[in-house]
Amino acid sequence: MKLDEECKGCLFNSQMKKVEREQSDENKLKEFKDGVRRLCQTAPADYCAPLLMRDIDGLHREIFGSGIDYSREKFMFNNALLKLEDDIYASVASSRDPLESALKFASAANYIDFARISDLNEDSVNYVLETSKKADIDKAVLSQLKERLKTSETLCFLHDNCGEIVLDKILIRIIKQLYPQISVTSVVRGQPIINDVTETDAGQVGLENYARVVNNGSSVPGTYLKEISGEAKKIIDGSDIIISKGLGNLETLYGVVKAFFAFTCKCGHIARCFNLKLWSAGFIYG
């Protein structure tokens, strides 16, 4: 999906807020701010938001010696959701439609996104839980997923953010419970970028107990096929079903790979593209 001016402004503002809170060298801050503005102004015509975010993080490495550090936020949200996992799973498993219920939680949890919202805190977990109750999952797409799951043997799950991954794990658990013939491979980022899931984060939440975890070899906060590893590409190409979480994966894969995309509609650009309400749960196939 093409980068638009709204995407540029969103990334500029969210990352500048984060860096200004944590860096005190005024000269380097000015250099970074000017550099980010330049990256936004000169982004290639075929760029999408995840590629620009990769470049912003790379600029931070050049100026400050490391990427923008979200390790504290990642640990906080993983830990907060892990504390609630058993209760959420019990609620989902006992619901009238466990798969739909799990998708509601997983889609609502995509709200935890520091690329779009810079001021998230643990109170955001309560927002996720409340929003999941009101989430409206597209029934036609859900029915299509159920039919595919009945006859499939392999599922590739493309993860997005930390915290969110705990709800993804619950969704995977429900799928394996309802469709025990399915083998799940979870694909995570190859390097730390924003609050996206890496193998370290997957290990923190015990994802390996329900899926084979593979990193995609890339630092793009999405699944950019031109830069992922051969192993990750083979998994995507060879899977019967792909479930893609979050906007980064949507922006890099929609129209390129057939997948079920689950996300929170966090910006006007996405709302317009898919005729969704802002902050609603998006669940589409394409």
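This structure is a prediction, so every number in the text was calculated from the model and none was measured.
Separation of atoms CD (Glu100) and CG (Leu145) is listed at 11.5 Å; rounding is to 0.5 Å. Summarising the geometry, atom CH2 belonging to Trp279 is positioned 8.5 Å from atom SG belonging to Cys267; distances are rounded to the nearest 0.5 Å. Rounded to the nearest 0.5 angstrom, Ile56 CD1 and Ile68 CD1 are separated by 7.0 Å. In this structure, Lys266 NZ and Ile112 CD1 are separated by 9.5 Å, a value rounded to the nearest 0.5 Å. Rounded to the nearest 0.5 Å, atoms NZ (Lys233) and CG (Asp237) are 3.5 Å apart. Separation of atoms CG (Leu3) and SG (Cys48) is listed at 7.5 Å; rounding is to 0.5 Å.
Under a 3.5 Å cut-off, the side chain of Ser132 and the backbone N or O of Leu129 do form a donor-acceptor pair. For the pair Ser280 (side chain) and Lys277 (backbone), a donor-acceptor distance under 3.5 Å is present. Side-chain atoms of Gln15 do not come within 3.5 Å of backbone N or O of Val36 as any donor-acceptor pair. A donor-acceptor distance shorter than 3.5 angstrom exists from the side chain of Glu6 to the backbone of Gly268, with no hydrogens or angles considered. One N or O on the side chain of Ser94 and one on the backbone of Ala90 form a donor-acceptor pair closer than 3.5 Å. The closest donor-acceptor contact from the side chain of Lys169 to the backbone of Leu207 lies at 3.5 Å or more, if one exists at all. Not a single donor-acceptor pair under 3.5 Å links the side chain of Asn13 to the backbone N or O of Cys10. A donor-acceptor contact shorter than 3.5 Å is absent between the side chain of Ser143 and the backbone of Ala140. No donor-acceptor pair closer than 3.5 Å links the side chain of Gln191 to the backbone N or O of Ser218. Listed for the Ser239 side chain is no donor-acceptor partner under 3.5 Å among the backbone atoms of Ile242.
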I'd like to know whether Asn78 forms a side-chain hydrogen bond (donor to acceptor under 3.5 Å, both in side chains) with Gln204, so could you lay out the CA-CA distance, the side-chain angles of the two residues, the decisive distance to 0.1 Å, and finally the verdict. CA-CA 8 Å; Asn78 281 342; Gln204 183 190 347; 3.0 Å; yes

Side chain to side chain contact (heavy atoms under 4.5 Å, CB included) between Asn161 and Ile194: does it pass, once the steps are laid out? CA-CA 9 Å; Asn161 300 320; Ile194 335 175; over 6 Å; no

So Asn216 and Leu158, side chain to side chain contact (heavy atoms under 4.5 Å, CB included) or not? Walk me through it. CA-CA 10 Å; Asn216 68 7; Leu158 303 173; over 6 Å; no

Working note: Arg148 + Tyr285, criterion side chain to side chain contact (heavy atoms under 4.5 Å, CB included); need CA distance, chi angles, decisive distance, verdict. CA-CA 12 Å; Arg148 292 280 303 278; Tyr285 181 77; 3.4 Å; yes

Begin from the C-alpha positions of Glu85 and Arg173 and carry the test side chain to side chain contact (heavy atoms under 4.5 Å, CB included) through to its verdict. CA-CA 12 Å; Glu85 179 184 3; Arg173 292 175 66 183; 3.3 Å; yes

Quick one, Tyr47 with Asp55, criterion side-chain hydrogen bond (donor to acceptor under 3.5 Å, both in side chains). Give me CA distance, side-chain angles, the key distance, then yes/no. CA-CA 11 Å; Tyr47 250 37; Asp55 292 352; 2.7 Å; yes

Could you walk me through whether Lys146 and Asp97 satisfy the salt bridge (charged side-chain N to carboxylate O under 4.0 Å, His left out) test, starting with their C-alpha distance in whole Å, then the side-chain angles of each, then the deciding distance to 0.1 Å, before giving a yes or no? CA-CA 11 Å; Lys146 289 178 177 178; Asp97 188 335; 2.6 Å; yes

Intermediate values then yes/no, salt bridge (charged side-chain N to carboxylate O under 4.0 Å, His left out), Asp57 and Arg61: CA-CA 6 Å; Asp57 192 69; Arg61 291 177 186 276; 3.3 Å; yes

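Residues Asp201 and Cys162 share a closest heavy-atom pair of CG-SG, 3.4 Å. The nearest pair of heavy atoms linking Ala211 to Ser186 is CB-OG, 3.4 Å. Closest approach of Val19 to His60, counting heavy atoms only: CG2-CD2, 3.6 Å. In this structure, Tyr210 and Val184 approach most closely via the heavy-atom pair O-CB, 4.2 Å. Closest approach of Ile236 and Cys156 over heavy atoms only: CG1-SG, 4.0 Å. Residue Ala202 comes nearest to Val197 through the heavy atom pair N-CG1, 4.1 Å, listed as atom of the first residue, atom of the second, then distance.
Asp69 and Ser71 form a side-chain donor-acceptor contact under 3.5 Å, judged by distance and modelled atom types alone.
Aromatic ring pairs are classed by plane angle as parallel below 30°, tilted from 30° to 60° and perpendicular above 60°; the pair Tyr127 and Tyr111 is tilted.
Residues Leu155 and Ile175 are in side-chain contact: their nearest non-hydrogen atoms beyond the backbone lie under 4.5 Å apart. Counting heavy atoms from C-beta outward, Leu29 and Ile63 have side chains that stay 4.5 Å or more apart. Arg72 is not listed as a side-chain neighbour of Tyr70, based on a closest heavy-atom distance of 4.5 Å or more. Counting heavy atoms from C-beta outward, Leu103 and Leu142 have side chains that approach closer than 4.5 Å.
No option in Asp113, Leu250, Asp160 other than Leu250 meets the side chain to side chain contact (heavy atoms under 4.5 Å, CB included) test with Phe263. Checking each of Ile270, Asn110, Leu278 against Thr264 for a side chain to side chain contact (heavy atoms under 4.5 Å, CB included) leaves exactly one that passes, namely Asn110. Tested against Phe105 for a side chain to side chain contact (heavy atoms under 4.5 Å, CB included), the candidates Leu167, Val166, Ile174 yield a single pass: Leu167.
Both Ile235 and Val257 are assigned to one and the same hydrophobic cluster, defined by single-linkage of ILVMFWY side chains at heavy-atom distances under 4.5 Å. Both Ile172 and Leu178 sit in one connected hydrophobic cluster of ILVMFWY residues. Membership requires side-chain heavy atoms under 4.5 Å apart, directly or through other members. Under a hydrophobic-cluster definition in which Ile, Leu, Val, Met, Phe, Trp and Tyr are linked whenever side-chain heavy atoms come within less than 4.5 Å, directly or via other members, Met76 and Ile88 are assigned to the same cluster. Put simply, Val187 and Val220 are part of two different groups of oily side chains (I, L, V, M, F, W, Y) that touch within less than 4.5 Å, one to the next.
By the neighbour-count criterion of 12 heavy atoms within 6.0 Å, atom CD of Glu153 is sparsely surrounded, having that number or fewer from other residues, nucleotides or ligands. Heavy atoms of other residues, nucleotides or ligands lying less than 6.0 angstrom from NZ of Lys258 number 12 at most. The number of heavy atoms from other shown groups lying within 6.0 Å of NZ (Lys176) is above 12.
Residues Glu130 and Lys133 are paired through a salt bridge, judged by an N-O separation under 4.0 Å between the basic side chain and the carboxylate. A salt bridge links Lys18 to Glu22: at least one charged side-chain nitrogen sits closer than 4.0 Å to a carboxylate oxygen. Here Lys150 pairs with Glu147 in a salt bridge; the nearest charged N to carboxylate O distance falls below 4.0 Å.
Under the side-chain hydrogen bond (donor to acceptor under 3.5 Å, both in side chains) criterion, the residue pairs touching residues 245-255 are Arg116-Glu251, Glu164-Lys245, Asp168-Lys245, Arg189-Asn249, Thr223-Asn249, with sequence neighbours excluded. Applying the salt bridge (Lys or Arg N to Asp or Glu O under 4.0 Å) test to pairs two or more places apart or on separate chains, those with a residue in residues 208-226 are Arg212-Glu231.
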